[in-house]
Enquirer: 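Before we start, here is the structure in question, set down as structure tokens.
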Amino acid sequence: MKTSMGSGSTRIPLRQQVEELCEQSIGTCYQCGNCSSGCPMGPWMDALPNQLIRRLQLGLEDTTRFASPWVCASCFACGVRCPKGIDVPRVMEALRVVGLRSGEDHIGPHTIEKKRLSQLPQIALVAHMRKATG
Amino acid sequence: MLIGDRKQQSYEPRIVAFLCNWCAYAGADLAGTQRLSYPPNVRVIRLMCSGRVDPGFIIEAFLEGADGVIVAGCHPGECHYEHGNRLAERRMTTLQHLLGFIGIEQARVRLAWVSAAEGRKFAQLIETTVEEVRALGPFQQFPRRAP
Amino acid sequence: MTSLAYYPGCSLKRFASGCEIAGLEAARRLGIELVELERWNCCGTVFSMSSGERMHHLGSLRNLVRVQEAGYPEVVTMCAMCQNTLRQVNNEVRGDGDSLAMMNRFMDEEPAYRGEVEVLHYLTLLDRLGSEAIAARVERPLTGLRVAPYYGCTLVRPPSAGIDDPEDPNIMERLLEALGAKVVRDPMRVECCGAYMGVSKPGTINVRASAIHGSARNSGAEALATMCPLCAHNLDAVGPAPDEPALVVFYFTQLVALALGAKPEQCLAATQRVDPRPLLSTKGLLEEPQP
Amino acid sequence: MNNRVGVFICHCGKNIARTVDVEALRKEAAGLPGVEWAEDDMYLCSDPGQQLIRERIAEQNLDAVVVAACSPTLHTTTFRRAVESAGVNPFRLEIANIREQCSWVHPGTAETTHKAAALVRSGVEKARRTQPLEPIHVGLQRAVVVIGGGVAGIQAALDIAEAGYPVHLVEQGPNLGGRMAQLSETFPTLDCSSCILTPKMVEVSHHPLVTIHTLAEVTDVEGSIGNFQVRIRQQPRYVIAEGCTGCGDCVPACPQVVPGEFDRGLGARKAIYIPFPQAVPFTYTLDREHCLNQGPLIICDRCAQACEPRAIDFDQQPSEELVEAGAIVLATGCDTLPLSHFREYGHDRHPDVIDGLMFERLLSASGPTHGEIRRPSDHRVPKSIAFVQCAGSRDPERGKAYCSQICCMYTAKHALLYHHAVPDGKVYIFYIDIRAGGKGYEEFVERVRAEDGINYIRGKVAKLIPKDGKLEVWGVDTLLGEQVKVEVDLVVLATALVPSQGIQELARVARVAIDGDGFLSEAHPKLRPVESQTRGIYLAGTAQGPRDISATVAHAAGAASKVLGLFSHDELVEEPTIARVNEALCRGCSFCVSVCPYDAISLHEGTAHVNETLCRGCGACTPACFAAALGPRGFEDDQILAQIRALAC
Ligand SMILES: Cc1cc2nc3c(=O)[nH]c(=O)nc-3n(C[C@H](O)[C@H](O)[C@H](O)COP(=O)(O)OP(=O)(O)OC[C@H]3O[C@@H](n4cnc5c(N)ncnc54)[C@H](O)[C@@H]3O)c2cc1C
Ligand SMILES: Cc1cc2nc3c(=O)[nH]c(=O)nc-3n(C[C@H](O)[C@H](O)[C@H](O)COP(=O)(O)OP(=O)(O)OC[C@H]3O[C@@H](n4cnc5c(N)ncnc54)[C@H](O)[C@@H]3O)c2cc1C
Ligand code: SF4
Ligand code: SF4
Ligand code: SF4
Ligand code: SF4
Ligand code: SF4
Ligand code: SF4
Ligand code: SF4
Ligand code: SF4
């Protein structure tokens with residue numbers, strides 16, 4: 001894979017945007033991988049949390065294209081275990097916010113069966129809507 | 001004329017500098033070894049530690065004709081005597097408040113950290129201090145003692 | 001009788017009513033009056049973690065204002081997610097005067113929040129009473145019932161909103177022991193059940209539930225105890241893959257009420273998919289307690 | 001005030017003379033009050049230049065000298081010697097720095113000569129006010145107390161004793177050896193640890209100049225460099241050292257079984273025991289805490305019955321001894337973070353999660369399993385092991401921010417030794433980075449990497465889950481970007497190295513500084529790594545920071561050489577430029593006491609008193625004194641004020 005690290009765009013660079021949104025310092029991550037080791041949603045992610053952070057460190061603008069932040073269940077396990085005190089769930093949230101602000105749709109109400117809709121607990125629905133709409 | 005009569009000359013600020021032996025004084029020596037040039041307005045008194053500087057010395061310097069004073073020692077955490085520079089910092093801060101209170105410009109008294117490797121920093125310190133004190137004009141708040 | 005403000009949250013009024021009914025009954029039996037707030041709204045469910053989305057915290061804040069105006073220093077929640085969101089919002093505005101001032105301006109129809117309310121989880125409340133005091137009230141000891149507490153995420157994480165150690169909590173264990181149950185310390189007890197991911201990725205939940213049920217079963221548990229409607233839904237209503245056995249999933253409050261002598265029909269929820277009665281009956285826990 | 005000052009101005013070839021008008025300067029100097037003689041010379045530091053100064057002192061009967069030349073850091077010693085040989089007290093020499101701080105940095109203008117004149121004037125004003133000072137001579141107690149009996153303490157004690165000075169080696173445990181005695185084989189050479197340590201322990205115990213105090217602690221340190229008084233508290237062993245033959249007959253008689261500390265709980269010992277077969281001193285120890293006899297009541301004396309030499313004495317009492325020493329070496333070593341620290345790894349709840357030292361005991365031929373690797377839960381030979389590196393190290397959030405330096409290496413060693421013992425066993429090493437910086441270390445790790453069956457996986461382990469008698473390890477391969485879950489029989493945590501317990505108390509007693517992590521602070525991280533910030537107290541080994549055996553031994557040898565350097569003098573000669581109290585003026589307010597960085601000032605009957613060996617003459621105390629009652633010699637208030645007057649105008 002060829003990775004270009006320069007940014008040709010005049011927008012606020014992604015890393016800066018994410019750091020401001022999550023109030024975390026991405027640079028302190030030393031890529032130990034602890035966040036990824038314990039992530040319950042890891043099997044469904046297209047890039048593990050540490051990989052997303054690595055991409056952000058390099059300022060790769062396509063980091064927003066990964067589905068992982070939308071797979072993240074906000075379980076806080078990674079944040080609790082990060083040796084460098086990075087609140088990784090906040091980084092995930094920031095990536096979601098960046099995606100939402102650029103107009104992505106992750107609710108997909110039509111994808112939820114009617115029957116299931118009535119069985120889900122209220123908090124599941126509300127939480128999902130909140131995560132998917134910002 | 002060797003010792004200039006200051007009244008006849010255009011105003012040249014006189015700066016007295018108290019330097020600790022281990023860092024700032026060595027830094028000043030290094031500026032010399034590197035042949036950096038800086039204004040001759042500064043006169044150095046070598047002390048073992050910036051913690052030795054009595055605020056009274058600074059008042060005395062002004063009374064005797066100085067227009068500015070520099071106190072310089074090792075960087076925080078690098079004091080040869082563990083924390084003498086911290087003492088200096090505390091004393092100088094208090095003094096500066098006091099001077100400010102009686103209307104003396106704080107820029108006339110400067111505390112700086114200069115390591116033995118910072119010859120350039122020392123030269124720059126002298127340069128900027130001389131310029132700032134020159135801009136303030138001669139120190140006239142205290143009646144000078146007769147020379 | 002101690003009386004405290006009580007915030008139920010939406011799920012406890014519908015999906016997880018079993019949790020609330022049993023919890024209130026248990027409180028009554030312990031001499032605690034939980035006074036439901038006259039008006040309350042959604043807690044917000046999830047705490048918005050990005051600096052640009054603080055407005056989402058207004059919902060939580062309104063509830064805290066109502067506790068303040070009702071004159072209570074503390075508010076009790078049963079739902080793990082409610083306590084988590086309310087606590088996090090509370091922590092945030094307390095730590096940041098500017099943000100509190102701004103939020104207060106936005107809530108112009110409400111009195112200003114002063115940041116003094118404490119959010120308390122039901123488990124913390126019981127823990128405060130102390131194991132001994134609770135043990136003394138037990139009428140139907142849960143002897144022989146092998147229960148694995150399941151905390152999930154929001155009861156213990158992030159640490160600033162958790163009620164116990166994030167990796168090795170013990171509060172439910174302590175209380176269950178006081179109720180006479182055989183406590184099983186399951187290593188998966190703080191691992192996520194999949195949370196709301198079931199909405200968009202239903203398949204994930206079975207996998208998570210299988211892991212959690214399997215681990216608890218391996219550790220020798222017959223039942224799981226939880227304090228979160230979402231966990232209960234994922235572990236019970238969705239549950240492990242169809243070909244795998246599922247344990248009974250209790251709301252913790254149900255076990256407390258049962259042990260304190262409440263009638264089984266009072267504390268068993270109609271919504272429980274895996275019927276707890278066969279298990280309880282083998283342990284003699286459906287019978288009337290001996291005086 | 002003296003008025004027979006001589007001023008000598010140096011041209012330094014053209015270095016000074018190029019920009020300073022030396023002749024004008026000389027004339028100016030000659031006219032200054034108190035100046036008896038002023039002269040210039042081409043090269044003052046040369047032999048003829050020094051000779052000139054000496055001659056003029058004699059001719060003109062000078063009693064103080066000002067040399068206007070280069071920086072005092074260059075030639076103070078030269079000129080002090082010169083004036084001293086001519087009968088002027090060396091502390092009556094002043095140097096005016098007209099080269100580094102004048103001729104080299106300013107142009108050849110009148111203002112430059114003007115400044116040089118001011119500097120000379122200031123030097124003269126100070127010289128007139130100097131007093132003759134004599135160096136302070138302090139007696140030197142040529143004996144050493146070494147605290148800590150690990151390899152660092154042993155090495156330091158041996159080096160010092162070999163040079164002919166008596167050493168008291170104080171060890172808190174029942175025997176010497178420290179961590180190294182617990183190790184199996186040592187990286188990178190795989191020498192057997194006891195094979196190389198035992199001869200050293202024997203040597204130190206037989207050395208006529210070494211007194212070993214085991215079960216002993218230092219409870220108080222008084223005095224200062226050259227003359228410390230060290231209080232050693234001896235705990236009772238309840239076995240008379242001279243009586244015990246080491247036969248071991250007492251052990252089978254004892255009914256009390258206790259988990260053995262030396263084996264880190266993996267093995268058992270009796271209440272009367274010797275920790276390991278090669279222990280030095282080879283005297284058994286009765287552990288009163290676990291013995292049936294609590295307090296004075298003797299309800300069991302089976303060991304005493306079994307002991308033919310009648311070496312057991314239940315009535316032993318703690319005792320104290322005061323030792324005089326000129327220097328102290330702190331070698332209190334290290335510990336590792338306890339397993340209970342690691343809550344996500346099940347802390348101490350899963351018996352098959354152990355730390356590196358426990359694994360050393362499993363590997364050790366004299367260990368609880370006689371060198372066979374068997375896991376604690378069911379004593380089976382583990383068919384797979386996961387090693388978790390950086391457990392608690394490099395973890396500023398929940399552990400220690402620093403790298404423990406040795407665990408990459410010993411983990412590689414563990415993997416290798418295990419693989420040799422169980423060739424079909426599987427090894428997974430979870431690491432973040434491999435740090436193998438020593439000589440031969442990278443080669444060692446490379447060898448281990450190349451072994452079949454050893455998998456290095458780059459990623460930190462989040463959690464351990466016990467499952468069907470195994471442990472599921474949740475890891476990640478960050479190089480592949482995939483989660484990794486493996487089930488293993490045993491997990492070994494490479495736990496962070498931490499300072500030994502009790503270091504804080506000892507540091508307080510000995511008045512040495514400790515750093516934020518609790519290790520002893522060195523005087524300078526690069527240039528004075530074996531000296532503490534308190535003179536006469538030296539540091540050796542892991543008490544100062546994580547390091548392996550070879551670095552520990554080098555560090556200890558360094559500390560010993562510092563001690564020997566100190567002892568190579570007949571007495572301590574201290575610079576006289578230290579603070580002095582004018583007792584008539586002192587009001588006993590103690591402001592100065594709190595200011596001194598070296599605790600050199602104390603109040604005696606309401607008057608401040610400066611300890612001559614502790615004071616380093618920084619002068620920080622002087623401005624604190626509102627009574628103007630103390631000041632450092634050589635930098636007194638009146639001298640400095642006179643310099644200010646000379647310079648400001
Ligand atoms: C698991 C493990 C494996 C290792 N493997 C290797 C290896 O293969 N190769 C290698 O080179 N290094 C290895 N090391 C490192 C090695 O053990 C240390 O470098 C070495 O033991 C340090 O020696 P020391 O004398 O500084 O400290 P220690 O060995 O800790 O000795 C300190 C002594 O001081 C005593 N003491 C402590 N406090 C006091 C007090 N207040 N008063 C009196 N006495 C006190 C202690 O009881 C102890 O006996 C390993 C370390 C560990 C943990
Ligand atoms: C790029 C670089 C950066 C570094 N940065 C740091 C740092 O930031 N911090 C740090 O702690 N360390 C640093 N170091 C390491 C540090 O420089 C060395 O540890 C240190 O200088 C070693 O000192 P030495 O006296 O052993 O050897 P050297 O400094 O090499 O001195 C050896 C001397 O012996 C002379 N010599 C050689 N052979 C003979 C002979 N046959 N006869 C007579 N004389 C001889 C040489 O001319 C030389 O003067 C750095 C090293 C390098 C290369
Ligand atoms: S746990 Fe923290 S330091 Fe480690 S990879 Fe994840 S974010 Fe980076
Ligand atoms: S918060 Fe999200 S990224 Fe972090 S462990 Fe949980 S699911 Fe994974
Ligand atoms: S004394 Fe100093 S200034 Fe004079 S010749 Fe020697 S080096 Fe040069
Ligand atoms: S029986 Fe006596 S002599 Fe033998 S080892 Fe025991 S105490 Fe020592
Ligand atoms: S007195 Fe008894 S219990 Fe104590 S050490 Fe001797 S034999 Fe063991
Ligand atoms: S030596 Fe290796 S294992 Fe130990 S802390 Fe350093 S990097 Fe981690
Ligand atoms: S500060 Fe001065 S007066 Fe006070 S005790 Fe010290 S020497 Fe004496
Ligand atoms: S001169 Fe410095 S070291 Fe000496 S007593 Fe004063 S403060 Fe302490």
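All figures in this text were calculated on a predicted structure; none of them were measured in a lab. Chain letters run A, B, ... following the sequence lines, proteins first, then strands; residues in each count from 1. Side-chain atoms are counted along with the backbone in the values below, which use heavy atoms only and exclude waters and symmetry mates.
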Enquirer: Scan side-chain atoms only and decide if B:His75 and B:Glu118 contain a donor-acceptor pair under the 3.5 Å cut-off.
Expert: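 Yes, B:Glu118 and B:His75 have a side-chain donor paired with an acceptor closer than 3.5 Å.
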Enquirer: What part of B:Val44 gets closer than 4.5 Å to chain D, counting heavy atoms only: side chain, backbone, both or neither?
Expert: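 Both parts, heavy atoms under 4.5 Å.
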Enquirer: Is it true that D:Ser71 and D:Glu100 share a donor-acceptor pair across their side chains at a distance under 3.5 Å?
Expert: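 The answer is no; no qualifying pair exists.
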Enquirer: Side chain to side chain donor-acceptor pair (under 3.5 Å) between B:Gln106 and B:Gln96: does it pass, once the steps are laid out?
Expert: CA-CA 6 Å; B:Gln106 302 214 341; B:Gln96 275 184 325; 4.9 Å; no
Enquirer: Which one of D:Pro623, D:Ser122, D:Ala523, D:Pro72 has the most heavy-atom pairs closer than 4.5 Å to chain B?
Expert: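 So the answer, after comparing D:Pro623, D:Ser122, D:Ala523, D:Pro72, is D:Pro623.
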Enquirer: Which heavy-atom pair separates B:Leu111 from B:Glu89 by the least distance, and what is that distance?
Expert: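 Between these two residues, the closest heavy atoms are CD2-CA, 3.6 Å.
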Enquirer: Using non-hydrogen atoms and a 4.5 Å limit, figure out which bit of B:Leu47 sits close to chain D: side chain, backbone, both or neither.
Expert: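 Both parts, backbone and side chain.
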Enquirer: To the closest 0.5 Å, what do you measure between CH2 (B:Trp113) and OG (B:Ser115)?
Expert: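 Atom-to-atom, B:Trp113:CH2 and B:Ser115:OG are 13.0 Å apart.
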Enquirer: Using a 4.5 angstrom heavy-atom cutoff, name the option from B:Pro40, B:Gly51, B:Cys49 with the most pairs to chain D.
Expert: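 Top count of heavy-atom pairs under 4.5 Å with chain D: B:Pro40.
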Enquirer: With chain D, which of B:Gln34, B:His83, B:Glu82 has the greatest number of heavy-atom pairs at distances under 4.5 Å?
Expert: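 Among B:Gln34, B:His83, B:Glu82, the one with the most close pairs to chain D is B:Glu82.
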Enquirer: May I ask you to check whether B:Glu105 and B:Gln141 show a side-chain donor-acceptor distance below 3.5 Å?
Expert: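 Distance-only check passes for B:Glu105 and B:Gln141.
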Enquirer: Name the region of D:Asp637, side chain, backbone, both or neither, that has any atom closer than 4.5 Å to a heavy atom of chain B.
Expert: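 Contact with chain B is through both the backbone and side chain of D:Asp637.
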Enquirer: Do you know which of B:Phe122, B:Tyr38, B:Phe18 has the most heavy-atom pairs with chain D at a distance under 4.5 angstrom?
Expert: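 Maximum pair count with chain D is reached by B:Tyr38.
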Enquirer: Which of the residues B:Cys79, B:Ser50, B:Pro39 is involved in the greatest number of heavy-atom pairs with chain D at under 4.5 angstrom?
Expert: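 Highest number of heavy-atom pairs under 4.5 Å: B:Pro39.
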Enquirer: As an exercise: rank B:Ala26, B:Ala28, B:Gly84 by heavy-atom pairs under 4.5 Å with chain D and give me the winner.
Expert: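 When all of B:Ala26, B:Ala28, B:Gly84 are compared, B:Ala28 has the most.
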Enquirer: Could you tell me whether the SG atom of B:Cys23 lies less than 2.5 angstrom from the SG atom of B:Cys74?
Expert: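 Yes; the two sulfurs sit under 2.5 Å apart.
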Enquirer: Would a 4.5 Å heavy-atom cut-off, applied to side chains only, mark D:Phe91 and D:Arg80 as touching?
Expert: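 Sidechains of D:Arg80 and D:Phe91: in contact.
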Enquirer: Relative to chain B, which of D:Leu641, D:Thr577, D:Leu119 shows the most heavy atom pairs under 4.5 Å?
Expert: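 With the most close heavy-atom pairs to chain B, the winner is D:Leu641.
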Enquirer: Could you have a look at D:Asn97, D:Thr73, D:Asp21 and say which one has the most heavy-atom pairs with chain B under 4.5 angstrom?
Expert: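 Counting heavy-atom pairs under 4.5 Å, the top option is D:Asn97.
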Enquirer: Looking only at heavy atoms and a cut-off of under 4.5 Å, which of D:Gln101, D:Arg616, D:Gln643 has the most pairs with chain B?
Expert: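 Highest number of heavy-atom pairs under 4.5 Å: D:Gln101.
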Enquirer: Can a donor-acceptor pair be found between the side chains of D:Thr130 and D:Arg92 at a distance below 3.5 Å?
Expert: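 A pair is found: one side chain offers a donor N or O, the other an acceptor, under 3.5 Å apart.
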Enquirer: Let me know if B:Val69 has heavy atoms under 4.5 Å from chain D in its side chain, its backbone, both or neither.
Expert: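 Answer is neither: B:Val69 stays 4.5 Å or more from chain D.
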Enquirer: Under 4.5 Å from any heavy atom of chain D, what part of B:Arg91 do you find: side chain, backbone, both or neither?
Expert: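 Only the side chain of B:Arg91 comes within 4.5 Å of chain D.
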